[in-house]
Amino acid sequence: MIKISENKSLTRRDFVKGLALGAVAGVIGGAAGAVALRPPPPEAPPVEPPVEVPLSKGVLVVDGNICGQCGTCETFCSIINDGVSAPALARIQVVPTLDFDAEADPCLQCVEPKCLRACPVGAISIDEAAGTNARVVDEEICIGCYRCLEACPFDPARVRFDTEKQVAVKCNLCGGDPQCVKFCPSGALKYYTNPDGVLSGYTTRTLVV
Amino acid sequence: MSELYGYVGKILRVDLTTEKVTETSSEEYVPKFLGGRGLGAKIYWDEIPSEVGALDPENKLIFTTGPMQGTGVTAHGRSILTAKSPQVYPTNSYMKNCAGGDWGPELKYAGYDALIVEGKASEPVYLSIQDGHVEFRDAKHLWGLDTFETRNVIWSRHGKKARIVVIGPAGENLVVFACVLAGSGNAFGQGGFGAVMGSKNLKAIAVRGTGRVEVAKPAELVTVTHQRNRLIAIRVGEKLVVDGKTIVAPGRPEDRASFLSFYPPSKLEDEMREGKVRIGFSGCAGCPNMCYAKVEIVDGTVPSGAAHCCNFAEYNAAEQRYYGGKGYGRVAWEAAMLNNLLGINGWFTMTETGTGLTESRPNYGGLDILCALYAAGIFTEENTGLPWDKVGSAEFYRKLTRMIAYREGFGDILAQGYGAMAEYVAEHEEFGPNRADAIRIYQIGYPRAGKYGGIARHWLYAGPMPGPGIPSPVKAIVWATSGRDGSNPHIRLDTAPKEWVMEWLGSDGVLNQEWDTSKVQGAILHQHMATEADCLIYCDSIMLYKSSYTADGLLPEGVTVNGGPEFWNVVMGTEVTQEDLWLKAERILNLERAIMVREGRTRSDDTFFDPVFEEINPVTGNPMIPRDKFNAIMDEYYQTRGWDVATGIPTRAKLEELDLKEVADELQTLRKL
């Protein structure tokens with residue numbers, strides 16, 4: 001059975017706010033070394049997002065029957081992308097399902113990417129250069145305002161926040177060779193591609209695969 | 001700590017009496033004491049004097065992790081809990097205990113290598129630790145709830161990503177074999193640490209961390225871990241080609257079709273095909289072995305949850321005998337869940353035969369002891385309140401576990417541990433004319449004589465699983481001198497591939513079952529391997545045990561049997577040989593011995609009860625453990641260890657050689673040296 005995670009009710013926005021505040025409090029508390037917060041977004045006019053966003057050409061899918069919640073995708077994602085083991089930074093999250101169960105839940109590279117739309121400075125773009133059309137964050141442009149995390153319709157947000165660099169980080173499909181798929185010890189993760197684009201994740205109308 | 005990769009650098013200390021929270025640096029202890037079991041032993045040595053009772057506020061719960069936790073290496077999910085144990089009988093003493101799951105890594109992501117909980121709260125509380133913030137939360141309304149209910153309340157407040165250790169009613173009621181449940185299907189089982197938490201009015205500890213663990217060589221870590229994960233992910237009967245070598249995992253063909261490789265075809269599996277039950281695999285953090293089952297009972301008449309193979313096996317034999325047909329059905333599942341929900345260490349309520357003691361199958365658990373007391377005419381329904389003709393039924397198990405957890409009726413006696421129970425039974429007339437035999441039956445099941453017994457003899461004997469119960473000299477030495485059982489049971493040198501044994505020991509004497517001194521080096525190596533695994537910390541079950549039965553000696557180039565040196569190198573960034581790691585382990589082992597010596601242990605406690613020596617090996621017809629030969633190899637053991645042969649106390653020369661001069665000094669002050 002191939003399964004794509006369901007989108008949650010949009011009222012989860014409040015929860016994400018709480019989560020974001022919690023993460024900030026953690027930094028102030030000194031857990032990861034106190035780093036001064038970035039100033040609010042600059043006064044420059046917001047960047048207009050593109051009218052139409054091209055579809056992603058690939059998406060990660062999880063077989064929930066096989067996934068054993070070992071979290072190797074989480075630790076390896078952060079090790080490979082950030083050089084440290086930090087599941088909170090992982091672009092794929094192991095999410096509780098039943099009380100005793102959980103499974104990997106990746107970024108779905110949404111048809112209508114709320115994160116991209118929410119970014120006030122145009123830091124999130126379509127990775128056409130890699131040929132994946134993944135929705136990616138440019139850390140040089142990102143101002144760390146959390147708006148993309150708040151906009152993500154999934155819980156927890158698939159855009160993650162690096163509290164040391166004070167920027168958002170996000171699944172870029174590893175340039176077309178997703179490492180979580182490569183290293184999943186159970187074989188529960190698959191990389192599904194279609195040169196015409198994949199209909200996945202959150203759209204304004206419905207959830208499709 | 002900038003160059004000490006693997007550790008996060010801080011130890012959190014929480015005083016429940018004063019609600020004071022402090023942090024100290026881990027540098028004081030590591031890397032000398034490695035982490036996990038070594039770190040716990042060092043803190044115990046420094047902070048818990050021998051006169052402190054297990055249920056006194058002065059006892060401390062020392063939760064420790066090792067450098068591997070949270071790094072993503074194979075099976076990094078484990079963590080150690082060390083404290084004075086109320087289960088050790090008749091003298092409470094040091095014990096360490098390991099749990100799987102993912103609580104340990106989460107503690108490191110929250111910023112701590114270790115957590116020390118001391119004192120006693122005036123009213124029930126639970127602790128919430130979130131990225132360096134500690135809260136004392138009221139738990140009066142949680143007191144009395146089972147472990148799953150408590151967990152769900154805590155999740156509703158702190159989010160479902162919080163990792164929780166929790167006690168059930170058994171811990172609250174100070175049952176000396178109450179466990180601390182870690183997550184849903186893992187536990188700090190042996191030691192009765194649930195009662196220690198209960199004595200501190202501490203219901204649960206929730207940890208949530210969003211921090212990071214830095215490793216020296218991230219890219220190599222991925223390669224080394226993946227190489228081992230591929231070996232471990234192999235299932236019973238499967239074939240795998242690694243680096244051109246074909247590896248076949250042995251196993252019965254019928255097992256391959258079952259839902260878990262350990263289990264034969266089962267009733268639950270049949271229900272799965274009918275859609276009444278959903279079953280999946282689950283594993284600890286970073287582990288592809290997936291040795292526990294996630295089971296959802298659709299109609300909800302039996303609790304859903306997760307259980308490790310031994311957890312699920314606790315009542316299986318009895319269920320099968322009582323109801324007939326295949327095993328591993330709803331009743332065995334419910335039994336596993338009852339232990340988890342009430343917070344009982346299932347070794348005390350498990351049965352391997354469903355019939356009590358048998359000559360042919362000498363491995364058994366606590367319920368077999370109780371069944372044996374019934375078979376001997378000592379227990380009746382009148383004097384215990386238990387329906388002995390219904391052993392194997394759901395009704396019996398519900399009654400037994402409830403009676404123990406809430407200390408109802410005879411459960412109050414059982415809850416004091418089976419040593420105290422046997423003595424009580426022997427002294428009270430209502431248990432009939434045979435009642436003195438209770439002592440002998442207890443001694444067979446809980447074999448270590450002297451002041452530091454109270455641990456069931458499961459795994460005293462090695463052998464293929466399911467084992468015929470072959471007596472093992474190596475295991476006997478390890479058992480006799482251990483602080484608990486023959487931990488870690490999955491290290492089985494006497495059944496390891498010959499090439500490995502030759503490489504490690506230079507001889508293959510350890511592979512036969514003769515009671516000669518060639519077993520001493522094997523026992524010492526077993527202890528060092530076990531200590532290394534418990535300190536770094538990785539899982540002995542998948543590393544050594546699974547390596548040996550899957551790989552049959554065919555390990556790929558550059559892969560050591562247990563992975564210690566490879567993982568050390570990629571996490572810590574320094575080269576270490578297997579011998580170096582075993583030398584570090586020897587230091588920890590001597591420190592643990594010094595702790596036990598300080599608490600009164602001597603060689604006279606490192607032996608077995610007479611009935612154990614009198615048992616006959618059903619295969620050879622000889623005594624299971626020939627007393628003279630056992631004593632002779634124990635002489636050799638102390639000699640080789642550098643401990644005094646007469647007293648079993650480490651010598652000053654040995655302690656100083658291992659850089660433990662301060663330990664020798666204190667033992668001398670206490671007139672132990």
Side-chain angles (χ1 to χ4, degrees), chain A residues 15 18-19 22-34 63-90 93-103 155-156 160-164 179 182-188, chain B residues 70-77 102 105-106 108-111 130-133 148 151-152 155 159-161 183-185 208-215 218-219 221-222 225-226 228-230 232-233 278 280-290 292 294-296 303-307 571:
Chain A
F15 174 81
L19 186 82
V24 174
V27 173
I28 295 170
D63 186 336
N65 283 346
I66 298 177
C67 177
Q69 67 203 72
C70 71
T72 300
C73 51
E74 283 186 339
T75 49
F76 276 29
C77 177
S78 56
I79 286 172
I80 289 164
N81 287 296
D82 308 294
V84 293
S85 173
L89 278 181
Q93 290 280 304
V94 176
V95 180
T97 49
L98 298 169
D99 283 348
F100 51 89
D101 200 0
E103 65 186 55
D155 178 13
R160 310 301 300 164
F161 197 77
D162 186 330
T163 50
E164 289 199 357
Q179 301 293 295
K182 192 167 157 187
F183 293 118
C184 172
S186 311
Chain B
T71 62
V73 298
T74 305
H76 64 101
D102 42 20
E106 199 71 15
K108 280 177 86 171
Y109 297 138
Q130 297 217 12
D131 281 330
H133 296 265
F148 289 9
R151 177 201 62 194
N152 291 347
W155 269 348
K160 274 187 131 184
K161 282 219 155 193
S184 303
R208 176 75 182 115
T210 59
R212 49 188 70 192
V213 179
E214 303 211 13
V215 298
L221 184 144
V222 168
T225 303
H226 185 57
R228 185 160 297 272
N229 281 356
R230 276 196 300 165
I232 286 166
R278 297 196 188 103
F281 295 106
S282 194
C284 302
C287 184
N289 191 41
M290 310 291 167
Y292 55 94
K294 303 179 281 197
V295 173
E296 186 187 1
S304 301
V571 170

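Below, chains carry the letters A, B, ... as their sequence lines are ordered, and counting in each starts from 1.
Put simply, of A/C70, A/G71, A/A88, the one with the most heavy-atom pairs under 4.5 Å next to chain B is A/C70. Of the residues considered (B/G305, B/A306, B/G72), B/G305 shows the highest number of contacts with chain A, using heavy-atom pairs under 4.5 Å. Ranked by heavy-atom pairs shorter than 4.5 Å toward chain B, the options A/P87, A/G83, A/C73 are led by A/P87. Interface remark: of the candidates B/L221, B/V222, B/V215, B/V222 forms the most heavy-atom pairs closer than 4.5 Å to chain A. Most heavy-atom pairs under 4.5 Å with chain B: of the set A/V94, A/V84, A/T75, this distinction falls to A/V84.
A donor-acceptor pair under 3.5 Å is formed between the side chain of A/S85 and the backbone N or O of B/G70.
If you take SG on B/C284 and CD on A/Q69, they are separated by 10.0 Å, rounding to the nearest 0.5 Å. The line from OG1 of A/T97 to NZ of B/K294 is 6.5 Å long, rounded to the nearest 0.5 Å. Note that CD1 of A/I79 and OG1 of B/T225 are 7.0 Å apart. Values are rounded to the nearest 0.5 Å.
Only the side chain of A/I80 comes within less than 4.5 Å of a heavy atom of chain B; its backbone N, CA, C and O stay farther away. Looking at B/N152, the atoms closer than 4.5 Å to chain A (heavy atoms on both sides) all sit in the side chain, from C-beta outward. B/R151 touches chain A through its side chain: at least one heavy atom from C-beta onward sits under 4.5 Å away, while N, CA, C and O do not. For chain B, no part of A/I66 is nearby; none of its heavy atoms comes within less than 4.5 Å. Using a 4.5 Å cut-off between heavy atoms, A/F76 contacts chain B through its side chain alone, with no backbone atom that close.
Minimum heavy-atom separation, B/K161 to A/E74: NZ-OE2, 3.2 Å. Looking at every heavy atom in both residues, B/G211 comes nearest to A/A86 through O-CB, 3.5 Å.
Note on B/R212 versus A/D162: salt bridge recorded, some NZ/NE/NH1/NH2 to OD/OE distance being below 4.0 Å.
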